[in-house]
Participant: 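Before we start, here is the structure in question, set down as structure tokens.
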There are 2 protein chains.
Amino acid sequence: MDDIAKALPRKGPASPEIADWIRDQIRTSRFVPGQRLVEVDIIRKTGGSRFKVREALQRLAAEGLVEIEENRGASVREASMSEIRQLYRSRAALESICAGDFARDASPAEKAELQAIAEKMESCLEDGAPERFGSLNAQWHAMIMRVTGNTVIESIVRRLNTPVHHLLFETFYRGNRMQDAVNDHRLILSAIMEGDVEGAERAMRQHVENGLQFLASLDKALHRE
Amino acid sequence: MDDIAKALPRKGPASPEIADWIRDQIRTSRFVPGQRLVEVDIIRKTGGSRFKVREALQRLAAEGLVEIEENRGASVREASMSEIRQLYRSRAALESICAGDFARDASPAEKAELQAIAEKMESCLEDGAPERFGSLNAQWHAMIMRVTGNTVIESIVRRLNTPVHHLLFETFYRGNRMQDAVNDHRLILSAIMEGDVEGAERAMRQHVENGLQFLASLDKALHRE
DNA sequence: ATCGACATAATTGTCAACAATATCGTTATC
DNA sequence: GATAACGATATTGTTGACAATTATGTCGAT
């Protein structure tokens, strides 16, 4: 008679969760580029064991989000502008493929859902909710890739984004980036609705390149301030 | 007087070297997809400690080359045909960008060097040396990306290739894949020599897509045999 | 006050032992 | 003979301690 109900062992977080936690700290700029990630600190704050923390750091290093130096430990890696430029070129190429696929292969219902997300984003413009906007934006881009079965490309793009995630987050707080993005999305959507494959590709490519432009100008502003 | 010359501590291999070793085993089909990677075996064959082996496996898991299941350990991951197709589409997009860059920005000396590698590959045709051909092929593709500073793209492409590396290796032993590749390379090179950016992009895209076609037919042949 | 040598503390690297889990073979039961 | 319960073995998960290395603070000489 096992009414004990397994007496849940209450283990600490597993290494993927710790990795997620660190990623999130970086994304929200609580860990900034160059900062050293001391193992004991992370243990204290997550409750994970040292072994798991090291596993998590190892994974993040493989992702390129942190850097591990011999006997000096892990630190948040700083992405250079040249690197960011390459990341965006890659994103432009990969996401435009998926946008074309979506225009060709997505069902009317799926296209409608994509539009629904876009409309939610537009409603963020008025009450200015950058973090909600950012989350919806991620959803929007992910849907285009996932619906057409491009899960591998989706995971590549997610990885490409991580090193600039905290900057992306930042851009939505600045200038009229949100408005610009909404306009771009409208263009992409209309091409998708018409089933215009090449148009969708072109519009998506332009959208990503616009994002790079904004990031570049933001970078300049931050460094000269 | 320390003529002891440091009495070299003779440590075992570090985790990156162990990871390289495992990658190589997979590439040469000594470890095949689905096979379980038992930690003790790897320890025995590499001389590394268990800790380092686990570190290496963790890295390879982050790369997507192996899969780690809770309490069941690591095994070589099998790439589905759908996944391979996406990998090749991505490669086609990314490498064609670099080919265009190369046609535009590479110096005459660099272009000549690229041609020199291509000629070495052609000499492999006669004495049929697939493994040498494969190594030169990797060099050739890497040079196009590296010379124009697209190091990030280069690393992405390298990662994309790892899960199909053992198949690539295989293709050079089969049919007239080597001859086909040489022909493709000729087309790419002539566009590059003329500084024809779009032509180089197109030719590279075609080359990668040809590679996918060959792989797909190989896959069919292997599964039906 | 500045600099360097030294001692001390903080941090990471490594290992070996132990615990938890899964795998496989054996036996008992129907 | 098939199946289920059981036990033995193999394999992975986790922990803690200790070694090696790097960072920090202290003191004395100039």
Side-chain angles (χ1 to χ4, degrees), chain A residues 1-2 4-22 25-26 30-63 65-77, chain B residues 2 4-22 25-26 30-77:
Chain A
M1 44 172 75
D2 47 359
I4 312 173
K6 210 56 184 296
L8 62 142
R10 198 59 243 130
K11 298 186 298 185
S15 56
E17 296 162 31
I18 298 177
D20 285 342
W21 182 83
I22 297 174
Q25 297 297 109
I26 295 175
R30 296 157 69 91
F31 288 166
V32 298
Q35 179 173 345
R36 287 187 53 185
L37 302 175
V38 178
E39 296 174 357
V40 187
D41 292 344
I42 300 173
I43 292 171
R44 264 198 286 268
K45 284 171 187 164
T46 63
S49 70
R50 182 143 173 251
F51 186 84
K52 292 176 185 169
V53 169
R54 285 181 69 101
E55 263 187 353
L57 288 173
Q58 200 68 228
R59 274 196 104 100
L60 293 172
E63 281 179 28
L65 195 57
V66 311
E67 201 171 13
I68 295 183
E69 274 174 300
E70 188 84 359
N71 290 322
R72 298 221 30 221
S75 53
V76 181
R77 209 169 68 86
Chain B
D2 46 0
I4 311 171
K6 210 55 183 300
L8 63 142
R10 198 57 245 131
K11 297 185 298 182
S15 56
E17 297 162 30
I18 298 177
D20 285 342
W21 183 83
I22 297 174
Q25 298 296 107
I26 296 175
R30 298 157 69 90
F31 288 166
V32 299
Q35 179 173 345
R36 287 186 55 183
L37 302 176
V38 178
E39 296 174 356
V40 187
D41 291 345
I42 300 172
I43 292 171
R44 264 198 286 268
K45 284 172 185 162
T46 63
S49 69
R50 181 137 175 256
F51 184 86
K52 291 176 184 171
V53 169
R54 286 181 68 101
E55 255 186 0
L57 288 173
Q58 199 70 24
R59 266 201 111 95
L60 293 172
E63 282 178 25
L65 194 58
V66 311
E67 201 171 13
I68 296 183
E69 274 173 302
E70 189 82 0
N71 289 324
R72 300 219 31 220
S75 53
V76 181
R77 210 169 67 85

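The chains referred to below are lettered A, B, ... by the order of the sequence lines, with proteins before strands, and numbering in each begins at 1.
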Participant: Can you name the closest pair of heavy atoms from B:G34 and B:S75 and give their distance?
Facilitator: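 Looks like O-CB, 4.0 Å.
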Participant: How would you list, by chain and number, every residue that makes a side chain to side chain donor-acceptor pair (under 3.5 Å) with B:E63, sequence neighbours excluded?
Facilitator: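 Only B:R23 meet the side chain to side chain donor-acceptor pair (under 3.5 Å) criterion with B:E63.
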Participant: If you compare every side-chain N and O of B:R54 against the phosphate oxygens of D:dG13 (OP1, OP2), does one of them come in below 4.0 Å?
Facilitator: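 Checking B:R54 against D:dG13: at least one side-chain N or O falls below 4.0 Å of OP1 or OP2.
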Participant: Check this one for me: any side-chain N or O of A:R72 less than 4.0 Å away from OP1 or OP2 of D:dT21?
Facilitator: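 Checking A:R72 against D:dT21: no side-chain N or O falls below 4.0 Å of OP1 or OP2.
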Participant: If the condition is salt bridge (Lys or Arg N to Asp or Glu O under 4.0 Å), which residues does A:R77 pass it with, not counting sequence neighbours?
Facilitator: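 For A:R77 the salt bridge (Lys or Arg N to Asp or Glu O under 4.0 Å) partners, ignoring immediate neighbours, are A:E83.
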Participant: Looking at every strand, decide which applies to A:L37 at a 4.0 Å heavy-atom threshold: base, sugar-phosphate, or nothing.
Facilitator: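 A:L37: backbone/sugar contact only, no base atoms under 4.0 Å.
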Participant: Which part of the nucleic acid, if any, lies within reach of B:L57 when heavy atoms closer than 4.0 Å are counted: base, sugar-phosphate only, or nothing?
Facilitator: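 Nothing, no heavy atom under 4.0 Å.
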Participant: To the nearest angstrom, how far is B:E17 atom CD from C:dG13 atom C1'?
Facilitator: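 That distance rounds to 15 Å.
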Participant: List the atom of B:G48, the atom of B:I18, and the distance in Å for their closest heavy-atom pair.
Facilitator: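 Smallest interatomic distance, heavy atoms only, reads CA-CD1, 4.1 Å.
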Participant: Take atom CD of A:Q58 and atom P of D:dG13, then tell me their distance rounded to the nearest Å.
Facilitator: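 Atom-to-atom, A:Q58 to D:dG13, this comes out as 15 Å.
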Participant: Looking at residues at least two apart in the chain, or sitting in another chain, which of them share a side-chain contact (heavy atoms from CB on, under 4.5 Å) with A:I43?
Facilitator: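 Once residues adjacent in sequence are excluded, the partners of A:I43 under the side-chain contact (heavy atoms from CB on, under 4.5 Å) criterion are A:R50, A:V53.
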Participant: Take the protein atom CZ of B:R44 and the nucleotide atom C1' of D:dA10, then report the distance between them rounded to whole Å.
Facilitator: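 After rounding, the gap between these two atoms is 11 Å.
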Participant: CD of B:E55 versus C1' of D:dG13: gap in Å, rounded?
Facilitator: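 Distance, rounded to whole Å: 16 Å.
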Participant: The criterion is side chain to side chain donor-acceptor pair (under 3.5 Å); which residues satisfy it with A:R59, sequence neighbours excluded?
Facilitator: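 None.
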Participant: Quick one: which of C:dT11, C:dG13, D:dT12 gets closest to the side chain of A:R36?
Facilitator: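 It is C:dT11.
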Participant: In whole Å, what is the span from the CD atom of A:E69 to the P atom of C:dT12?
Facilitator: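 It is 12 Å, rounded to the nearest whole Å.
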Participant: Starting at CD1 of A:I68 and ending at C1' of C:dG13, how long is that distance when rounded to a whole Å?
Facilitator: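 After rounding, the reported distance stands at 12 Å.
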Participant: Distance check needed: C:dG13 P versus A:E70 CD, whole Å only.
Facilitator: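 Rounded to whole Å, this separation is 6 Å.
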Participant: What N/O pairs connect the protein and nucleotides 15-20 of chain C at under 3.5 Å? Give each pair on its own line.
Facilitator:
{"residue": "C:dC15", "atom": "OP2", "partner": "B:S49", "partner atom": "OG", "Å": "2.6"}

Participant: Applying side chain to side chain donor-acceptor pair (under 3.5 Å), name anything that partners A:E55, two or more places apart in sequence or on another chain.
Facilitator: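 For A:E55, the residues satisfying side chain to side chain donor-acceptor pair (under 3.5 Å) (neighbours in sequence not counted) are A:S15.
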